Number of protein chains: 2
Amino acid sequence: MVDLPRWLTDDDRHTWLAFLYAQTLLLEQIEQDLQRDAGMPLAYYQILVILSEHPGGALRMSELASAAFFSRSRLSHAIDRMEKSGWIRREACPSDRRGSIAALTDAGRRVLEEAAPGHVESVRRHLFDQLSDREASELRDVCEKLVRYLLRSLNVSAPSVLPNDYFGVQPGDSLNDARSLP
Amino acid sequence: MVDLPRWLTDDDRHTWLAFLYAQTLLLEQIEQDLQRDAGMPLAYYQILVILSEHPGGALRMSELASAAFFSRSRLSHAIDRMEKSGWIRREACPSDRRGSIAALTDAGRRVLEEAAPGHVESVRRHLFDQLSDREASELRDVCEKLVRYLLRSLNVSAPSVLPNDYFGVQPGDSLNDARSLP
DNA sequence: CCGATCTGGTTGATGCTTCAACGAACGTCG
DNA sequence: CGACGTTCGTTGAAGCATCAACCAGATCGG
């Protein structure tokens with residue numbers, strides 16, 4: 001006995017394609033801008049941001065990985081390259097001899113400060129300039145709902161460092177305002 | 001004289017992060033399901049879908065590239081690998097001796113038919129089961145608006161094969177209903 | 001017809017990600 | 001203590017994407 005596949009409705013199919021294409025094209029555009037202006041992919045920018053927002057500009061590898069939604073392996077390779085660029089320095093962890101700490105260097109902080117204005121401008125132009133306030137807020141609500149679900153479904157354990165407070169379980173939670181580099 | 005950078009408002013920053021994380025986590029989840037169940041990345045699945053929806057299951061490389069939002073180079077490499085898997089066959093183009101045509105093989109069609117039900121189920125579970133009808137339709141509207149803008153901004157020329165009719169310039173355009181594999 | 005230019009597609013090098021495997025340090029429990 | 005399972009981080013290989021260079025065929029202007 002065979003389960004007949006249940007296709008999507010036309011509406012849902014169009015929604016899915018619209019999401020897929022919007023996501024593809026928007027990220028492509030923003031990545032291109034960032035690559036051209038700052039010579040780094042968005043993922044690396046995010047690493048720099050997370051470190052810069054953390055007191056001391058340093059974080060255990062595994063905390064950094066979960067804050068950025070990176071696998072340990074991906075992070076390890078990425079930090080390799082950023083270390084070669086001089087943006088990050090690895091330090092030993094005093095409390096756990098297995099551990100390793102990624103610390104922002106002065107060069108890393110500088111490169112982030114130089115990249116940030118252009119990147120913010122790019123996000124504004126390609127995303128927020130195209131949407132009304134109402135649309136932006138609808139987009140936010142939908143995305144936050146998805147993130148809450150996906151964090152439960154995918155990981156089981158939510159990251160403990162950064163976006164923890166953004167997408168807390170209880171819908172009424174107060175939001176974190178880490179107000180530094182975007 | 002220095003332009004002070006104009007940061008995003010807190011609202012916009014949260015919206016951007018929500019979008020970024022939702023997109024990352026959702027795609028990661030769906031890609032994982034597809035990779036596990038069908039042994040292919042989402043991008044390759046999309047290629048197979050586009051071909052299967054085209055009469056004859058064949059398309060010029062450059063049309064295929066623009067329909068899938070691939071660069072020529074990316075497509076060429078991808079078709080290399082799919083040809084090795086036996087899913088696609090390259091044919092000469094009769095009308096233009098430079099040209100090359102990618103044609104779905106029987107094995108390619110079979111692998112797509114086997115992959116589709118699981119993939120559709122994955123999209124349904126991770127996306128539509130999490131949203132109300134109202135939320136899905138808000139998401140669609142926002143994404144279609146972004147796609148229309150991005151097609152204009154990025155490419156200048158919209159793809160001529162598939163999603164042409166989905167995201168036409170005039171908001172009132174009739175939507176294409178290529179009703180086959182999702 | 002001929003040279004200049006443009007388009008379609010491929011290629012190779014390089015960059016980033018994933019996957020599987022691993023060693024070293026930690027924690028626990030007999 | 002000592003064996004066991006677990007966590008931390010790294011590594012190498014393989015998969016996929018991007019970038020720049022390139023050739024062959026088409027196209028256009030004299």
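Order of the sequence lines sets the chain letters (A, B, ...), proteins ahead of strands, with each chain counted from 1. In this text the structure is predicted, and so the values were computed from the model without any measurement.
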A/Ser100 has a side chain; which of D/dT10, D/dC8, C/dG9 sits nearest to it?
D/dT10
Could you work out which one of C/dT11, D/dC16, D/dT11 sits closest to the side chain of B/Tyr44?
D/dC16
Counting only side-chain N and O atoms of [X], is one of them less than 4.0 Å from OP1 or OP2 of [N]?
{"X": "A/Arg36", "N": "D/dC19", "value": "no"}
{"X": "A/Arg72", "N": "C/dT18", "value": "no"}
{"X": "B/Ser71", "N": "D/dA17", "value": "no"}
{"X": "B/Arg81", "N": "D/dA14", "value": "no"}

Return the value, rounded to whole Å, for the distance between atom [atom1] of [X] and atom [atom2] of [N].
{"X": "A/Met61", "N": "C/dA24", "atom1": "CE", "atom2": "P", "answer": "19 Å"}
{"X": "A/Ile47", "N": "C/dT17", "atom1": "CD1", "atom2": "C1'", "answer": "13 Å"}
{"X": "A/Leu75", "N": "C/dT18", "atom1": "CG", "atom2": "C1'", "answer": "14 Å"}

How about A/Asp133: does its CG atom have over 12 heavy atoms from other parts shown lying under 6.0 Å from it?
no
Is [X] side chain donor-acceptor paired with the [N] base, going by distance under 3.5 Å alone?
{"X": "A/Arg98", "N": "D/dT7", "answer": "yes"}
{"X": "B/Ser73", "N": "C/dT11", "answer": "yes"}
{"X": "A/Ser76", "N": "D/dT11", "answer": "no"}

For A/Arg140 and A/Glu144, run salt bridge (charged side-chain N to carboxylate O under 4.0 Å, His left out): C-alpha distance rounded to whole Å, both residues' side-chain angles, the deciding distance at 0.1 Å, then the answer.
CA-CA 6 Å; A/Arg140 173 178 173 174; A/Glu144 286 182 348; 2.9 Å; yes
Under 4.0 Å, heavy atoms only, any strand: does A/Phe70 hit a base, just the sugar-phosphate, or nothing?
nothing
Base, sugar-phosphate, or nothing: which does A/Arg97 touch, judged by heavy atoms less than 4.0 Å apart?
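Sugar-phosphate, backbone atoms only, no base.
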For the pair B/His126 and A/Tyr149, name the ring-plane relationship: parallel under 30°, tilted 30 to 60°, perpendicular over 60°.
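The arrangement is tilted - the two ring planes meet at 30° to 60°.
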Report the relative orientation of the aromatic rings in A/His119 and A/Tyr45; use parallel for angles under 30°, tilted for 30 to 60°, perpendicular for over 60°.
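Correct class here is tilted.
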Do A/Arg74 and A/Phe70 meet the cation-pi criteria used here (NZ or CZ under 6.0 Å from the six-membered ring centre, within 45° of the axis)?
yes
Here's a test of your reading of the structure: between A/His77 and A/Asp96, which maps to the more 5' nucleotide of DNA chain D?
A/Asp96
5' precedence on DNA chain C between A/Ala43 and B/Cys93 (nearest-nucleotide basis):
B/Cys93
